[in-house]
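The structure appears right after this line, and notes come after that.
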2 protein chains.
Amino acid sequence: MNTVRGARERARIEVTAAIKDEARRRLAAEGAAKLSLRAVARELGMVSSALYRYFPSRDDLLTALIIDAYDSLGAAAEEADAHALAAGAPPRARWIAVCESVRTWALRHPHEYALVYGSPVPGYSAPADTIGPASRVGNVLIGVVRAAYEGRGLALPPLPPALGPEADRMTADFAEGLPPAVVPALVAAWAQLAGLVSFELFGQFKGVVEERSAFFAHAAGQLAHGVGLPAV
Amino acid sequence: MNTVRGARERARIEVTAAIKDEARRRLAAEGAAKLSLRAVARELGMVSSALYRYFPSRDDLLTALIIDAYDSLGAAAEEADAHALAAGAPPRARWIAVCESVRTWALRHPHEYALVYGSPVPGYSAPADTIGPASRVGNVLIGVVRAAYEGRGLALPPLPPALGPEADRMTADFAEGLPPAVVPALVAAWAQLAGLVSFELFGQFKGVVEERSAFFAHAAGQLAHGVGLPAV
DNA sequence: ACCAAAGCAAGAGCAGTGCTCTCGAAGTTG
DNA sequence: CAACTTCGAGAGCACTGCTCTTGCTTTGGT
């Protein structure tokens, strides 16, 4: 692998990266709604039609940015967890560290966060390529809970009987080895985490929450409690 | 009031309403990103420039739709709570009923929900006119918790000392009469509720949660627990 | 080493957009 | 009735995503 296939292929990779970089820059500056292919091309010194050799449409460019954003966020979460783990943190502290890393990443890349967890852009349905990167954060959270479970430090949340089969299916599909009762709570906590971050990022806390960091830390702790990682 | 001020004024009101109606229709059909002033005007048999007599810009039209959406959602939540209250439901059941009503409204008006709780559209900062309607759902939730508190049915969640002053400020600002410890939990629950609905609506649960209704009901119950409305 | 095939940038062009300006017709008010 | 305001229509500007055609450059097989 990594074979040097010639100038052409190398140029294509570089140009593709340059386009994505410039697009990300304009995304950060003006938001997804105003991201224009022509402006990106102009900034790169090429003509707009040339850009279509690399991305067949504006939505394809956005999809590429979405995948990169998922990957970047996923990497941040994984790194935060690895750090906490290396520091000997117990599962609850790891959980909170991951939540904080998601929030920090979102505050640093607001438009990219909006791209992945905000309203989907056009008619649009997420291409299959996105589901892999999209699940990285979820997998980190699953890993933390699994560690708690294997360390006998997991308090099982209640599960209504009506949700039993669904919990079993979820567990088999993407959380093998965990007790089914915790899986719905875990998925809910993931969505709730996104809700907290989105509200802060999208201005819904304006005039409501002022001490955002302290508030978030508290909420992340409550989230941990909800999935069975009680304080001390 | 309701004085008939002449044909002109009446026409203005009717045309404004017609524009919003048509815009809402196109919003539901194609989403906010593709909502075009010209298309709305065309559908109404008027020329695009005439529309600017009623809304000075596209964003102003969107803002009007946002306010209406907040009001519609708020009314749905208030009605759901009133129904539950009239049926003699205890606070916990009222809480869940309100959560369900938000989800139901969102599923019925996905694009309008995305407009208010999704990523903000342009460069954007929410105009002041939106904050009133925006808080109606929150006020309903506050009312439910207040009823529980006054009925001695509220279990106070823990509050870290670091968040004490902020909790006091929040309580004084928009939740007077409630014990400060519950207010941050309440705000967090509100954001988390939006996270649950957004994830379902924006396709984040695709391949993850199948029994969406049962899952949501469970999560809403957990949310109730988190704000101090325990089961039975 | 040559030459056809493929990849590429550029330009023109289409249909559509938000928004501005001007002009004449209509309604409102003294 | 006259002065004034409001409105719809049309033309026009700068911009968008996207397509198509035209030549040039790189590539890969003979």
Side-chain angles (χ1 to χ4, degrees), chain A residues 3-20 22-27 29-66 111 115 120-124 127, chain B residues 3-20 22-27 29-66 111 115 120-124 127:
Chain A
T3 46
V4 178
R5 298 280 292 167
R8 184 154 249 167
E9 193 152 330
R10 205 145 20 142
R12 171 164 257 279
I13 292 172
E14 274 174 29
V15 173
T16 306
I19 292 172
K20 287 206 288 189
E22 181 58 38
R24 228 187 312 273
R25 223 169 293 136
R26 300 203 65 85
L27 183 70
E30 317 214 44
K34 300 201 172 180
L35 192 154
S36 113
L37 275 188
R38 289 179 112 110
V40 171
R42 206 180 302 128
E43 213 73 24
L44 259 48
M46 55 201 313
V47 87
S48 77
S49 59
L51 222 145
Y52 283 81
R53 301 249 169 221
Y54 300 88
F55 296 94
S57 80
R58 197 191 96 115
D59 286 358
D60 289 273
L61 213 200
L62 279 177
T63 300
L65 294 180
I66 288 175
H111 287 108
L115 209 53
V121 196
Y124 190 82
Chain B
T3 45
V4 178
R5 299 278 294 164
R8 185 155 250 168
E9 192 151 330
R10 204 147 17 146
R12 171 163 258 279
I13 292 174
E14 273 174 29
V15 173
T16 305
I19 292 171
K20 287 206 289 187
E22 181 57 39
R24 227 187 312 274
R25 222 168 295 137
R26 299 203 66 84
L27 182 70
E30 316 215 44
K34 301 202 171 180
L35 193 157
S36 116
L37 276 187
R38 291 180 112 112
V40 171
R42 207 180 303 127
E43 213 72 24
L44 259 50
M46 56 199 315
V47 87
S48 76
S49 60
L51 222 148
Y52 284 81
R53 302 255 172 222
Y54 300 88
F55 295 95
S57 80
R58 197 192 96 116
D59 286 358
D60 288 274
L61 213 200
L62 278 177
T63 300
L65 294 181
I66 289 175
H111 287 109
L115 208 55
V121 196
Y124 177 84

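Just so it is clear, the values below take in all heavy atoms, side chains as well, and ignore hydrogens, waters and symmetry mates. Letters go in sequence order (proteins before strands), and every chain restarts at 1.
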Are A:Arg12 and A:Glu9 close enough for a salt bridge, meaning some N to O gap below 4.0 Å? no
Out of C:dA10, C:dT17, D:dG10, which nucleotide sits closest to the side chain of A:Val47? C:dA10
Can a donor-acceptor pair be found between the side chains of A:Asp60 and A:Ser57 at a distance below 3.5 Å? yes
Interatomic distance where CZ belongs to B:Arg12 and C1' belongs to D:dT5 [whole Å]: 12 Å
Nearest-Å distance, CZ (B:Phe55) to P (D:dT6)? 17 Å
So B:Tyr54, base contact, sugar-phosphate only, or nothing? Heavy-atom distance under 4.0 Å. sugar-phosphate
Between atom CG in A:Leu44 and atom P in C:dA10, what is the gap in whole Å? 11 Å
I want to check something: taking the side chain as every heavy atom from C-beta on, are B:Phe55 and B:Thr16 in contact at a cut-off of under 4.5 Å? yes
Quick check: do A:Tyr52 and A:Leu37 have side-chain heavy atoms less than 4.5 Å from each other? yes
Would you mind building the protein contact string for nucleotides 17-25 of chain D? One character per nucleotide, 5' to 3', B for base within reach (heavy atoms under 4.0 Å), S for sugar-phosphate only, - for untouched. BBBB----B
For B:Met46 and C:dG18, what is the distance between atoms CE and P respectively, to the nearest whole Å? 14 Å
To the nearest angstrom, how far is A:Glu14 atom CD from C:dC8 atom C1'? 16 Å
May I have the distance from B:Leu51 (atom CG) to C:dC19 (atom P), rounded to whole angstrom? 11 Å
Expressed as a whole number of angstroms, how long is the span from B:Arg42:CZ to D:dA9:C1'? 16 Å
Side-chain contact, heavy-atom cut-off 4.5 Å: A:Leu44 with A:Leu51? no
Note, A:Arg24 side chain near A:Leu65 side chain (heavy atom, < 4.5 Å): yes
Rounded to whole angstrom units, what separation is found between the CZ atom of B:Arg10 and the C1' atom of D:dC7? 17 Å
